[in-house]
Engineer: 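I'd like to ask you about the structure that follows.
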Amino acid sequence: MIPSMVRKQIDNFSLEQICLSGQCFRMKQEDGEENRYSLIAGDRYLEIEQQGNVNTFYCDEETFEHFWKDYFDLERDYADCIGRINPRDTYLADAASFGAGIRILRQDLWEMIVTFLISQQNNIVRIRRCIQNICEAYGEERTDGRGRLYYGFPKPEALAGLDEDALKACNLGYRSKYVVRAARSVVSGEIDLEAVRRMSYKKAREELLKLFGVGEKVADCICLFALHHLQAFPMDTHMIQALNAHYKRGFPNRRYKDIKGIMQQYIFYFELFGKK
DNA sequence: GCGCAGGTAGAGT
DNA sequence: ACTCTACCTGCG
């Protein structure tokens with residue numbers, strides 16, 4: 001049987017940039033295969049090949065239309081967002097031009113809660129390893145299209161019963177208890193993820209802040225990368241530095257009110273990878 | 001050895 | 001309302 005695939009031309013879409021922009025820790029470039037990426041989202045596995053603006057998604061049409069199109073936010077016109085940048089703001093214009101291929105994904109809520117709990121005071125290499133570790137230890141085994149084994153993301157139920165320090169074995173360090181307690185909060189119904197999904201940005205943020213270990217930065221990352229609240233503007237150390245250097249009179253929140261999160265990603269990515 | 005990496009909770013002013 | 005510090009771990 002020939003594996004099914006979907007081929008699409010898409011502008012402003014760079015898998016490399018999405019992969020590096022630090023919002024998705026389960027997408028990686030396949031070694032030895034230059035333009036090929038693999039991605040695990042929840043329990044789904046996808047391979048994509050990217051040559052210029054031609055993208056081949058290795059899945060059937062139905063799955064692409066129903067899931068991945070939405071996941072990668074392919075319906076949104078990012079050129080239009082970039083076009084809204086104040087031309088006199090050369091810093092933001094440069095950042096956006098550098099990161100034009102970034103897209104804000106629509107990732108799984110539970111997965112983002114755990115991922116960004118792990119991200120605090122941590123570096124990207126280790127974050128990826130931590131996630132890989134908990135998936136291998138507590139995620140369900142699955143096989144991809146080529147018969148290779150991979151692990152889904154551990155469900156709250158799989159983590160809720162653990163000792164608070166159990167995930168230190170997965171290199172989470174002091175973040176172990178944050179993750180275990182979050183799992184308990186979900187399983188006990190103390191926080192209702194389905195309800196959070198339906199909430200406004202303000203309400204969802206408030207709700208997420210109730211979780212032990214979730215502060216403002218992590219709550220905003222979850223709002224942006226899982227709930228697609230584009231008003232969210234996560235402030236981490238890099239953003240504080242960038243805003244101090246380039247927006248002494250404050251970031252123009254009003255102008256970008258409904259797409260601040262996209263601008264945040266351009267700045268963040270530019271700060272990390274754009275400087276020579 | 002020491003400081004830091006995409007923070008946060010808790011205690012102390 | 002601020003400011004300070006401990007917190008795991010690995011890497012330079």
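Reminder, nothing fancy here: chain letters follow the sequence lines and each chain counts from 1. Note that this is a predicted model, so its numbers are computed, not measured.
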Engineer: Counting only side-chain heavy atoms from C-beta out, which of B/dA5, C/dC11, C/dC8 sits nearest to A/R126?
Structural biologist: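 So the side chain of A/R126 is nearest to C/dC8.
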Engineer: May I ask you to say what A/I124 touches in the nucleic acid, namely base, sugar-phosphate or nothing, with a heavy-atom cut-off under 4.0 Å?
Structural biologist: base
Engineer: Is there a donor and acceptor pair closer than 3.5 Å between the side chain of A/K217 and the base of B/dG6?
Structural biologist: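 For A/K217, whose side chain was compared with the base of B/dG6, there is a donor-acceptor pair (under 3.5 Å).
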Engineer: Of the options B/dG6, B/dG7, C/dC11, whose atoms approach the side-chain atoms of A/R129 most closely?
Structural biologist: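 Nearest nucleotide to the side chain: C/dC11.
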Engineer: Taking atom P in both C/dA6 and B/dG3, compute the distance separating them and give it to the nearest angstrom.
Structural biologist: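 Each nucleotide's P atom is 13 Å from the other's.
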Engineer: Does any N or O in the side chain of A/Q29 come within less than 3.5 Å of the main-chain N or O of A/E34, such that one atom is a donor and the other an acceptor?
Structural biologist: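 Between the backbone of A/E34 and the side chain of A/Q29 there is a qualifying donor-acceptor contact (under 3.5 Å).
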Engineer: Roughly, in whole Å, what's the span from OH in A/Y174 to P in C/dT9?
Structural biologist: 11 Å
Engineer: If the C1' atom of C/dC11 is compared with that of B/dT8, how far apart are they to the nearest Å?
Structural biologist: 23 Å
Engineer: What is the distance, to the nearest angstrom, from the CD1 atom on A/I113 to the P atom on B/dG7?
Structural biologist: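 To the nearest whole Å, that distance equals 19 Å.
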Engineer: Within the structure provided, determine whether A/I102 and A/Y269 are in side-chain contact (heavy-atom separation under 4.5 Å).
Structural biologist: yes
Engineer: Is there a side-chain polar atom (N or O) of A/T237 under 4.0 Å from OP1 or OP2 of B/dG7?
Structural biologist: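 Answer yes for this pair, as a side-chain N or O of A/T237 is under 4.0 Å from OP1 or OP2.
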Engineer: Within the sub-3.5 Å range, which N or O atoms of nucleotides 10-12 of chain B have a protein N or O partner, and how far apart are they?
Structural biologist:
none

Engineer: Within the 4.0 Å heavy-atom criterion, would you say A/V214 contacts the bases, only the backbone, or no part of the nucleic acid?
Structural biologist: sugar-phosphate
Engineer: State whether A/D258 and A/R84 are salt-bridged, where the test is any N-O pair (Lys NZ or Arg NE/NH1/NH2 against Asp/Glu carboxylate O) under 4.0 Å.
Structural biologist: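 The answer is yes: the pair qualifies as a salt bridge.
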Engineer: Between B/dG7 and A/Q120, is there an OP1 or OP2 to side-chain N/O distance shorter than 4.0 Å?
Structural biologist: no
Engineer: Taking atom C1' in both B/dA9 and C/dG10, what distance in whole Å separates the two?
Structural biologist: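 About 24 Å, rounded to a whole number of Å.
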Engineer: Under a cut-off of 3.5 Å for both distances of each Watson-Crick or G-U pair, what dot-bracket string does DNA chain C give, using [ ] for crossing pairs and | for inter-strand pairs?
Structural biologist: |||||||.||||
Engineer: If you take any heavy atom closer than 4.0 Å to DNA chain C, which residues from residues 162-173 of chain A end up in contact?
Structural biologist: A/K168, A/N171, A/G173
Engineer: Considering the options A/F13, A/F67, A/Y37, A/F64, which one meets the ring-ring contact (aromatic ring centres under 6.0 Å, His included) requirement together with A/F72?
Structural biologist: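 The ring-ring contact (aromatic ring centres under 6.0 Å, His included) with A/F72 is passed solely by A/F13 among A/F13, A/F67, A/Y37, A/F64.
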Engineer: Please give me the minimum heavy-atom distance between A/V218 and A/L117, naming the atom from each residue.
Structural biologist: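 For A/V218 versus A/L117, the nearest heavy atoms are CG1-N, 4.2 Å.
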Engineer: Between the side chains of A/R148 and A/Y45, does any donor sit under 3.5 Å from an acceptor?
Structural biologist: yes
Engineer: Will you find, in the side chains of A/Q23 and A/S21, an N or O donor that is under 3.5 Å from an N or O acceptor?
Structural biologist: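 Per modelled atom types, A/Q23 and A/S21 side chains form a pair under 3.5 Å.
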Engineer: Work out how far the P atom of B/dG6 is from that of C/dC2, and round it to whole angstrom.
Structural biologist: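 Rounded to whole Å, the distance is 26 Å.
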Engineer: With distance as the sole criterion, is a donor-acceptor pair present between the side chains of A/Y138 and A/N133 under 3.5 Å?
Structural biologist: no
Engineer: A/Q265 CD to B/dG6 C1': how many Å, rounded?
Structural biologist: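 Atom-to-atom, A/Q265 to B/dG6, this comes out as 10 Å.
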Engineer: For the aromatic rings, using the six-membered ring if either is Trp, is the centroid distance between A/Y256 and A/F233 under 6.0 Å?
Structural biologist: no
Engineer: Does a distance-only test, which skips hydrogens and angles, find a donor-acceptor pair under 3.5 Å between the side chain of A/Y269 and the base of B/dG6?
Structural biologist: no
Engineer: Can A/E207 and A/K203 be counted as an ion pair, charged N to O under 4.0 angstrom?
Structural biologist: no
Engineer: Looking at A/R184 and A/E164, does any basic side-chain N land under 4.0 Å from a carboxylate oxygen?
Structural biologist: yes
Engineer: Would you mind reading off the distance between A/L208 atom CG and B/dA9 atom P, rounded to a whole angstrom?
Structural biologist: 12 Å
Engineer: A/S21 near the nucleic acid: base, sugar-phosphate alone, or nothing, with a heavy-atom cut-off under 4.0 Å?
Structural biologist: base
Engineer: Using atom CZ of A/F268 as one end and atom C1' of B/dA5 as the other, report the distance to the nearest whole Å.
Structural biologist: 11 Å
Engineer: Does one side chain, of A/N55 or A/Q50, offer a donor that lies under 3.5 Å from an acceptor on the other?
Structural biologist: yes
